[in-house]
Structure formats: structure tokens, C-alpha cells
Amino acid sequence: MRIINQVTVAARALRDGKLVAFPTETVYGLGADATNSTAVARIYSTKGRPQTHPLIIHISSADSVSHWARNVPDYAIHLAKEFWPGPMTLILPRTDLAKDFVTGGQNNVGLRVPAQQTAQELMKNFEELGGMGIAAPSANRFGAVSPTSAEAVSEDLAKYLDSEDLVLDDGPCLVGIESTIIDCTGSAPKVLRPGALTVELIERALNIKIDKSSKSHRIKAPGLLETHYSPRAKILLDGIAVGGDGFLALARFPTPPGAIRLASPKTVDQYASELYAAFRNADKQGLTKVFVIAPEGNGLAEAIRDRLKKASSR
Ligand code: TXA
Ligand code: MG
């Protein structure tokens with residue numbers, strides 16, 4: 001594995017069936033040609049991820065949706081126009097191009113148009129070489145914390161990648177938590193995973209109320225409901241840190257005496273962008289416990305609490 005910053009080299013590697021980890025505004029993805037079964041199989045083995053967990057296919061613009069999805073409902077077209085490129089993944093009925101090896105055998109496909117500039121250039125270059133889409137989960141081992149920098153990808157995956165695989169480096173991710181996943185296979189949208197695109201924004205764009213209860217899900221999305229996004233350190237959302245424990249909270253909360261502060265985000269946006277680096281920092285220091293004060297309110301804070309809850313329920 002090599003860390004590089006030339007997009008054209010990365011696009012050729014994808015065409016040649018190599019794995020390329022790349023930045024998006026949410027987290028780094030571990031990419032492969034979404035039509036190449038051998039390359040996609042290597043995503044699963046590299047991550048240690050079960051075959052039944054579908055992958056998101058990344059495309060450069062909504063113009064490519066029709067290659068991968070059919071029967072796209074009007075509200076999904078509206079969402080795509082409003083929020084792509086951006087931190088949003090739409091689950092849609094698949095076409096024949098989306099094979100079982102990338103959808104985990106589901107009849108749906110997850111599509112995303114990331115906004116991050118290097119990701120955009122990578123997808124455009126890849127499409128110029130004849131590529132149809134880049135399948136990419138977050139570039140971490142299964143169940144672990146998503147990487148928000150090229151170094152984090154390398155720390156997690158270097159020993160599982162081949163010498164010709166690449167990590168395309170473009171610095172830290174701006175948003176820091178994964179995309180909002182919206183099930184668009186029924187008459188109304190359902191949010192399967194809260195993310196940087198908030199439920200409030202979706203409701204305003206479509207002028208509807210979103211049913212937030214997970215019981216109403218049509219789709220079983222493996223990985224969305226279980227424990228996930230966990231560092232090795234135990235994440236505790238109640239109680240008070242004492243000497244030697246990790247501590248994570250907005251800057252306005254003082255560090256308890258003797259606790260090790262992992263981040264001091266001033267805003268909720270900053271909280272999201274620093275969260276996973278803080279988790280990694282805890283593991284690097286070998287901390288066993290991290291006490292976290294979750295941000296309050298709706299919007300992005302809700303998505304952060306979702307990840308904290310999953311991280312703490314391991
Ligand atoms: O921000 C993100 O979404 C990042 C960047 C790289 O795009 N990707 C990401 O992928 O977080 P991943 O695989 O780590 O998480 C995607 C989740 C998984 O839990 C997967 O099961 C679910 O989305 N998913 C993907 N395609 C799906 C489908 N067709 N139906 C249901 N769930 C799907
Ligand atoms: Mg993931």
C-alpha cells in the first residue's frame with residue numbers, strides 16, 4: 001500500500017482492479033470498481049466484513065443514477081437535486097448493473113455523490129476511463145471507528161492491503177461522521193442512519209414529517225442497528241471521569257481533575273469532525289474508559305448521539 005496524492009494514478013489503479021482508499025467530506029472510503037467482483041471481494045476481506053453487508057456506490061453526479069437504480073420516486077429525485085453532491089446516501093431499487101456481490105444480495109442499491117473535491121475528481125477521472133461507479137464502505141476494519149484521515153486508514157488497513165493498493169490523501173475530513181442514509185424504496189423516505197444531512201433539512205426540502213422510529217424500517221440494513229463505530233476503550237455516557245480516564249465534551253465543560261481530555265470542540269460541527277480522531281487518540285494512549293458528555297439538541301447533534309450510543313453499546 002502507498003499513500004499518494006495524484007488523482008489520475010488513483011483512477012487508473014481502480015480501473016486495474018486495485019483498492020483505493022479516498023477522502024470524502026464524511027469519512028475516508030475503501031474504494032473498488034463497483035462492477036469488478038474480484039476487486040469488490042477484496043474490500044470485504046480487507047475489512048473483515050460479512051458478505052451480506054451492502055456497499056455504497058459512489059458516482060460523480062445524479063446523471064449516473066439511472067445506470068444503477070430504477071423506479072426512482074419523485075421525492076428521491078427532489079432530494080438528489082437538493083442535497084447532492086453531499087453527505088447523503090439514497091437506497092433505491094437496483095438495476096442489473098448492481099450485482100449481488102455489491103448489494104449483499106439485496107434488491108436495492110445505495111448511491112452517493114460526495115462533494116469533497118478530490119473525491120469528485122477521482123470519480124470523474126474513473127468515469128473517463130470507462131468506470132461506472134466506485135463501491136466504498138468506510139475504510140476501517142469491520143465494527144471499528146471510521147477513519148477521517150489518510151494516516152488513520154493506513155494505521156487500520158496497511159497490513160491487510162496489497163503493495164499496489166493506494167490511499168489517496170487529501171487531509172482530514174470536514175464533516176467527520178458518515179452520510180445520512182435514506183431508504184427511498186417506498187412511498188415515503190425513511191432515515192436508516194442519521195448523519196450530517198439532518199432530518200430537519202430533509203423535512204423542510206420535502207415539506208413532510210419524517211417517521212423517526214426504527215421499528216418502521218422496511219429494510220434490514222446490516223450494520224445500522226448493531227454495535228458499531230467502537231474504539232477499544234469503553235465509551236461511557238454516564239458517570240464522571242476520574243484520574244487516568246479519557247474525557248470528551250464540548251469545550252465549555254471543564255476537564256474533571258486527573259482526566260485526560262481527548263478533544264475540546266467549540267461547536268457541534270467541530271464535535272462531529274473531531275469525534276473519531278478522539279476515539280483513536282484514546283486507543284493510542286491505551287485508555288480503558290472514556291467518559292463522554294454528548295451534545296444536546298437536534299440536527300447534527302442527533303447523529304453524533306447515534307454514533308456515541310452505538311460506540312457505547314459494545
Ligand atoms: O459517509 C459514508 O456513507 C461513507 C463514505 C465512504 O461514503 N461510507 C460508509 O459506508 O459509511 P459503510 O459501508 O461503512 O456504511 C454504510 C452502511 C452499511 O451499514 C450498509 O449496510 C448500509 O449502509 N447500506 C449500504 N447499501 C445498502 C443497501 N442497498 N441497503 C441497505 N443498507 C445499505
Ligand atoms: Mg462503516
Side-chain angles (χ1 to χ4, degrees), residues 21 24 26-30 43-56 87 89 104 136-149 151-160 172-173 175-181 191-196 214 220-241 244-250 259-263 265 268 271-295 300-314:
T24 79
T26 58
V27 300
Y28 273 70
L30 179 64
I43 290 181
Y44 285 90
S45 57
T46 303
K47 276 186 66 95
R49 178 178 179 143
Q51 293 284 333
T52 50
H53 288 231
L55 304 178
I56 297 170
T89 298
S138 53
N140 50 277
R141 292 282 287 170
F142 180 64
V145 179
S146 296
T148 52
S149 68
E151 296 74 37
V153 175
S154 164
E155 281 163 18
D156 267 27
L157 298 182
K159 62 172 174 281
Y160 304 99
C173 301
V175 173
I177 60 171
E178 302 81 357
S179 63
T180 306
I181 301 182
V191 174
L192 298 181
R193 179 175 73 183
S214 58
K220 276 252 169 307
L224 294 180
L225 305 170
E226 320 146 26
T227 63
H228 242 83
Y229 313 100
S230 308
R232 283 190 297 279
K234 195 164 176 45
I235 301 299
L236 296 153
L237 301 176
D238 289 306
I240 295 165
D245 291 336
F247 179 69
L248 172 61
L250 282 164
I260 298 155
R261 183 126 204 168
L262 296 166
V268 171
Y271 201 124
S273 68
E274 294 179 8
L275 177 66
Y276 290 154
F279 280 178
R280 284 172 186 278
N281 183 355
D283 284 347
K284 267 190 200 150
Q285 298 191 52
L287 304 184
T288 52
K289 280 188 255 167
V290 176
F291 287 84
V292 180
I293 302 178
L300 186 59
E302 237 171 311
I304 295 171
R305 291 199 300 275
D306 168 79
R307 304 304 190 275
L308 288 171
K309 196 168 152 233
K310 283 172 177 153
S312 70
S313 62
R314 186 179 47 140

Heavy-atom closest pair (Leu300 atom, Gly195 atom, distance to 0.1 Å) is CD1-O, 4.3 Å

Straight-line distance of Ser146 OG to Leu30 CG, nearest 0.5 Å: 11.5 Å

Side chain proximity check, Phe247 to Leu262, heavy atoms < 4.5 angstrom: no

Taking all non-hydrogen atoms of both residues, which atom of Val290 and which atom of Ala233 are closest, and how far apart? CG2-CB, 3.9 Å

Applying side chain to side chain contact (heavy atoms under 4.5 Å, CB included) to Leu55 and Ile43, what does each step give before you reach the verdict? CA-CA 9 Å; Leu55 304 178; Ile43 290 181; 3.9 Å; yes

Interatomic distance, CG@Leu157 vs NZ@Lys47, rounded to 0.5 Å, equals 7.5 Å

Can you give me the closest heavy-atom contact between Ile293 and Tyr271, atom names plus distance? O-OH, 2.8 Å

Under the criterion side chain to side chain contact (heavy atoms under 4.5 Å, CB included), I'd like the reasoning laid out for Leu287 against Ile260: C-alpha separation, chi angles, the key distance, then a yes or no. CA-CA 9 Å; Leu287 304 184; Ile260 298 155; 3.7 Å; yes

Would you find a donor on one side and an acceptor on the other, under 3.5 Å apart, between the side chain of Lys234 and the backbone of Ser312? no

Any side-chain to backbone donor/acceptor pair from Arg49 onto Gly143? Under 3.5 Å, distance only. no

Atom OG1 in Thr148, atom CZ in Phe279: separation rounded to 0.5 Å? 11.5 Å

Arg141 atom CZ: more than 12 heavy-atom contacts under 6.0 Å: yes

What one should report as the nearest heavy-atom pair of Ala272 and Ile177 is O-CG2, 4.0 Å

Shortest non-hydrogen contact from Pro231 to Val145? N-CG2, 3.5 Å

Can the ring centres of His53 and Tyr44 be said to be less than 6.0 Å apart? no

As an exercise, state the distance from OG of Ser138 to OH of Tyr28, rounded to the nearest 0.5 Å. 14.0 Å

Backbone of Glu178 reached by a side-chain donor or acceptor of Thr26 within 3.5 Å: no

Sequence neighbours left out, what pairs pass salt bridge (charged side-chain N to carboxylate O under 4.0 Å, His left out) with at least one residue falling in residues 275-295? Glu155-Lys284, Asp156-Arg280

Which atom names give the shortest non-hydrogen contact between Thr89 and Ile56, and what distance separates them? OG1-CD1, 3.6 Å

Backbone of Ala249 reached by a side-chain donor or acceptor of Arg261 within 3.5 Å: yes

If we ignore angles and hydrogens, is there a donor and acceptor under 3.5 Å between the side chains of Arg193 and Ser179? yes

With Glu151, the side-chain contact (heavy atoms from CB on, under 4.5 Å) member among Ser154, Ser149, Pro147: Ser149

Does Asp306 reach the side chain of Lys310, with side-chain heavy atoms less than 4.5 Å apart? yes

Who are the side chain to side chain donor-acceptor pair (under 3.5 Å) partners of Asn281, not counting sequence neighbours? Gln285

What is the distance from atom CG of Leu236 to atom CG of Leu248, rounded to the nearest 0.5 Å? 12.0 Å

